[in-house]
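Okay, structure first, notes after.
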Amino acid sequence: MELKLYNTLTRKKEVFKALDDSHVRVYACGPTVYDKIHIGNARPLVVFDVLVTMLRATYPKVTYVRNITDVDDKINARAAERGISINTLCDETIAQFRKDTNALLVNAPDKEPRATRHIAQMIAMIGQLIDKGFAYAAEGHVLFSVAKMGDYGKLSGRSLDEMIAGARVEVAPYKRDAADFVLWKPSEEGLPSWDSPWGAGRPGWHIECSAMAAEYLGKEFDIHAGGLDLIFPHHENEIAQSRCAHDTAHMARYWLHNGYVTVDGEKMSKSLGNFTTVAEALSAHRGEAIRLALLSSHYRAPFDFSEQLVKNTQIILDKLYRAAALNNAKELISEAEQLDAEFMAALSDDLNTPLALTRLQALASEANKGSREAALQLVSCAKHLNLLNDKNWFRSEDEDSLESKEIEAQIAARNAARAARDFAQADEIRDRLAARGIRLLDSPDGTSWEKS
RNA sequence: GGCCCGGUGGCAGAGUGGUUAUGCAGCGGUUUGCAAAACCGUGUACAUCGGUUCAAUUCCGGUCCGGGCCUCCA
């Protein structure tokens with residue numbers, strides 16, 4: 001099936017064509033590890049997880065690289081503020097990041113390179129840019145000369161003139177052009193520093209992605225993804241560095257950008273302080289519900305986060321789980337061609353997850369009416385979104401746990417009372433269980449239970 | 001100042017030049033000893049003003065409103 005993706009570079013939806021059908025290569029910008037991620041940071045992680053899943057279903061080999069930025073002013077500042085070492089801060093933050101992403105059921109990328117372990121590649125790339133005349137050294141800095149690149153600004157759709165007109169570009173005395181950006185800069189005393197031909201210092205923000213993408217994916221690769229706020233300057237500058245260093249027409253063929261998570265219509269951001277960390281959200285909601293909530297609007301549209309929305313999503317998820325449990329639908333329809341065509345068509349159309357979810361709900365409805373095929377499709381399709389995998393969704397305990405056994409005993413007692421038409425006793429048992437959050441579901445086949 | 005998005009029923013949210021999704025909530029019903037779950041029924045919404053058209057929520061233009069980027073940001 002054709003996969004269509006909206007390409008920021010062309011501002012159009014395009015049919016995805018791999019550069020090499022035997023190996024698709026994808027890069028996404030990962031976290032700067034100075035603090036916990038928030039829901040806004042989680043959106044691209046979840047959305048591009050679905051993208052990669054789709055690609056893996058179609059192509060024999062996919063390499064998905066998502067970097068970790070571990071050299072940054074914010075990291076230095078935070079470590080100093082907390083009185084801990086930069087390493088400790090990074091290790092701690094990365095551990096939390098893994099916890100959060102696991103809870104959101106995000107698959108690990110194939111490669112997760114750290115910036116500090118690729119300084120040599122960055123220095124080499126900066127050297128190439130200087131040799132080719134695209135960069136210059138000045139006062140311990142190395143800067144990229146935007147004027148040397150003919151079509152700088154293509155991704156973000158702005159011309160150099162426009163940017164100058166914006167007049168918000170930092171002007172530094174060592175810059176030839178106000179729009180030139182840093183490739184290498186001196187480090188302050190006591191902060192991380194590496195030797196380089198231009199003096200001790202550290203890399204600029206953008207060069208790490210260019211260097212690591214080239215290292216693991218080659219000079220040109222298929223897809224580069226990230227949040228809307230990275231288009232300019234980050235991705236624009238990555239493109240400049242990579243194309244000029246490698247003499248290529250493209251860095252990536254397709255550039256994908258997710259929309260913002262908003263709160264009451266405003267962008268969720270650290271600086272505005274209107275954020276909910278994933279860890280906080282997880283203390284109130286299940287990870288899978290948060291994941292589905294994030295997928296319940298189209299990835300390019302704004303997603304307004306609220307407690308109510310996640311609660312609502314949990315209700316939907318409960319319904320899907322109930323339907324999936326029908327007919328004991330455990331086996332999977334594995335071949336992509338046999339999967340529900342409408343579901344796959346929705347996902348293939350620029351990852352239309354809300355429409356795909358609608359289809360899941362329709363399948364659930366058919367399953368409830370007795371279609372085993374629909375139940376199997378439901379479980380199999382949900383796999384593409386990494387949903388409905390939790391065997392204990394309605395049970396916090398394993399089936400043979402003490403609590404489960406105790407509940408089963410209560411149910412047996414209630415059913416005995418019902419058989420004896422002692423409804424007062426039966427209702428009392430049910431109410432007692434309900435008070436513990438345990439819901440009984442009577443059916444012709446017997447009584448099952450759910451814990452909420 | 002420059003540039004870019006978007007405005008769909010109570011809420012969420014797709015989509016389309018004409019047959020006006022879907023879900024949640026609500027209401028009515030079926031089922032159930034009672035509940036729960038499930039099922040059935042029930043809502044002509046597409047900011048506004050013009051234009052194009054036989055026909056526009058969908059195309060074009062203006063207006064209003066909201067959001068964003070131009071500085072760290074997913």
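Just so we're on the same page: letters track the sequence lines, and every chain starts at 1. Values below: every heavy atom of this structure, side chains too, minus hydrogens, waters and symmetry copies.
Residues H118(A) and Y216(A) place their aromatic rings such that the two centres sit under 6.0 Å apart. Taking the six-membered ring wherever Trp is involved, the centroid distance between the rings of H206(A) and H235(A) does not fall below 6.0 Å. The six-membered or imidazole ring of Y254(A) lies near that of F16(A), with a centre-to-centre distance under 6.0 Å.
Residue R436(A) comes nearest to I407(A) through the heavy atom pair NH2-CG1, 4.0 Å, listed as atom of the first residue, atom of the second, then distance. Closest of all the heavy-atom pairs between C29(A) and H224(A) is SG-NE2, 3.7 Å. V278(A) and L104(A) make their closest contact through CG1-CD1, 3.9 Å (heavy atoms, listed as atom of the first residue, atom of the second, distance). When all heavy atoms of L295(A) and T353(A) are compared, the closest pair comes out as O-OG1, 2.6 Å.
Residues meeting the side chain to side chain donor-acceptor pair (under 3.5 Å) test with R78(A), sequence neighbours left out: D35(A).
Nucleic acid contact for L441(A): base, since at least one base atom lies under 4.0 Å from a heavy atom of the residue. R414(A) comes within 4.0 angstrom of a base, heavy atoms only. Within 4.0 Å (heavy atoms only), R418(A) reaches at least one base atom of the nucleic acid. Nucleic acid contact class of R43(A) (heavy atoms, under 4.0 Å, all strands): none. When heavy atoms are screened at a 4.0 angstrom cut-off, L440(A) is found touching base atoms of the nucleic acid. Nucleic acid contact class of T262(A) (heavy atoms, under 4.0 Å, all strands): none.
When each of G33(B), A14(B), A74(B) is scored by its nearest atom to the side-chain atoms of K267(A), the top-ranked nucleotide is A74(B). If you check C72(B), G67(B), G33(B) against the side chain of K74(A), the one that comes closest is C72(B). Checking A74(B), G67(B), A14(B) against every side-chain atom of L355(A), the shortest atom distance belongs to A14(B). Comparing atom distances between the T358(A) side chain and each of C4(B), A21(B), A74(B) picks out A21(B) as nearest. Here the side chain of D427(A) is nearest to one of A74(B), G33(B), G15(B), namely G33(B). Considering only the side chain of R322(A), A37(B) comes nearest among A74(B), G2(B), A37(B).
Rounded to an integer number of Å, the gap from N352(A) CG to U22(B) P is 16 Å. The CZ-P distance, from F181(A) to C72(B), rounds to 12 Å in whole Å. Look at CG on D72(A): it is 14 Å from C1' on U71(B), rounded to the nearest Å. Put simply, CE on M268(A) is 16 Å from C1' on G68(B), counting in whole angstrom units. In this structure, Y260(A) places its OH atom 5 Å from C1' of G68(B), rounding to the nearest Å. Distance, H235(A) NE2 to C72(B) P: 14 Å, rounded to whole Å. Remark: C1' of G33(B) and CD1 of I429(A) are 15 Å apart, rounded to the nearest angstrom.
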Once base and sugar-phosphate atoms are separated, protein heavy atoms under 4.0 Å mark nucleotides 25-30 of chain B, 5' to 3', with B, S and - as ------
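Atom P of G10(B) sits at a distance of 35 Å from the matching atom of G1(B), rounded to the whole Å. The C1' atoms of U57(B) and A14(B) are separated by 13 Å, rounded to the nearest whole Å. Across C24(B) and G7(B), the matching P atoms stand 24 Å from one another, rounded to whole Å. G28(B) and G67(B): their C1' atoms are spaced 41 Å apart (whole Å). Atom name C1', nucleotides U58(B) and A45(B): the rounded distance is 14 Å, in whole Å. Rounded to a whole angstrom, the distance from the P atom of G23(B) to that of U44(B) is 16 Å. Distance check on atom P: A55(B) versus U19(B) gives 14 Å, rounded to whole Å. Across the C1' atoms, U16(B) and U22(B) are found 15 Å apart, a figure rounded to whole Å.
Of the charged side-chain nitrogens involved, none lies within less than 4.0 Å of a carboxylate oxygen, so that K311(A) and E307(A) do not count as a salt-bridged pair. Residues E366(A) and R359(A) are paired through a salt bridge, judged by an N-O separation under 4.0 Å between the basic side chain and the carboxylate.
Residue-to-nucleotide contacts include a donor-acceptor pair under 3.5 Å from the side chain of D442(A) to the base of C34(B).
Side-chain nitrogen and oxygen atoms of R430(A) include none within less than 4.0 Å of the OP1 or OP2 phosphate oxygen of A36(B). Not one side-chain nitrogen or oxygen of K311(A) sits closer than 4.0 Å to the OP1 or OP2 atom of C24(B). Side-chain N/O atoms of S365(A) include one lying less than 4.0 angstrom from OP1 or OP2 on C39(B). Within the structure, a side-chain polar atom (N or O) of K369(A) is placed less than 4.0 Å from OP1 or OP2 of C40(B). Taking only side-chain nitrogens and oxygens, N368(A) comes nearer than 4.0 Å to OP1 or OP2 of C39(B).
In this structure, R300(A) forms a cation-pi arrangement with Y6(A), its terminal cationic atom sitting closer than 6.0 Å to the ring centre and no more than 45° off the ring axis. For the pair R322(A) and W393(A), the cation does not sit on the ring face, since its NZ or CZ is not both under 6.0 Å from the ring centre and inside 45° of the axis. Both tests do not hold together for K148(A) against F134(A): distance to the six-membered ring centre under 6.0 Å, angle to the ring axis within 45°. Both tests do not hold together for R418(A) against F423(A): distance to the six-membered ring centre under 6.0 Å, angle to the ring axis within 45°.
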Could you list the protein-to-nucleotides 64-66 of chain B atom pairs, N/O on both sides, closer than 3.5 Å?
none

Identify all pairs in which a protein N or O lies below 3.5 Å from an N or O of nucleotides 42-45 of chain B, and state each distance.
none

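Using a 4.5 Å cut-off on side-chain heavy atoms (C-beta onward), T262(A) and F303(A) make no contact.
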So what is the 5' to 3' dot-bracket string for RNA chain B, if pairs are Watson-Crick or G-U wobble with both distances under 3.5 Å, crossing pairs use [ ] and | means the partner sits on another strand?
(((((((..(((.....[...))).(((((.......)))))....(((((..]....))))))))))))....
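Less than 4.0 Å separates RNA chain B from at least one heavy atom of each of the following residues of residues 276-308 of chain A: S296(A), S297(A), H298(A).
Nearest-nucleotide mapping onto RNA chain B: of L272(A) and Q361(A), the residue sitting toward the 5' end is Q361(A). Nucleotides of RNA chain B nearest to Y6(A) and R439(A) differ in position, and the one nearer the 5' end is that of Y6(A).
Open room surrounds CG on D264(A); 12 or fewer heavy atoms of other groups in view lie less than 6.0 Å from it. Annotation for E280(A): atom CD counts as buried by contact number, over 12 foreign heavy atoms lying within 6.0 Å.
A donor-acceptor pair shorter than 3.5 Å cannot be found between the side chains of N7(A) and K12(A). Side-chain atoms of N237(A) and Y152(A) form a donor-acceptor pair, as typed in the model, at a separation below 3.5 Å.
How far CG of D70(A) is from CG of N87(A): 8.5 Å, rounded to the nearest 0.5 Å.
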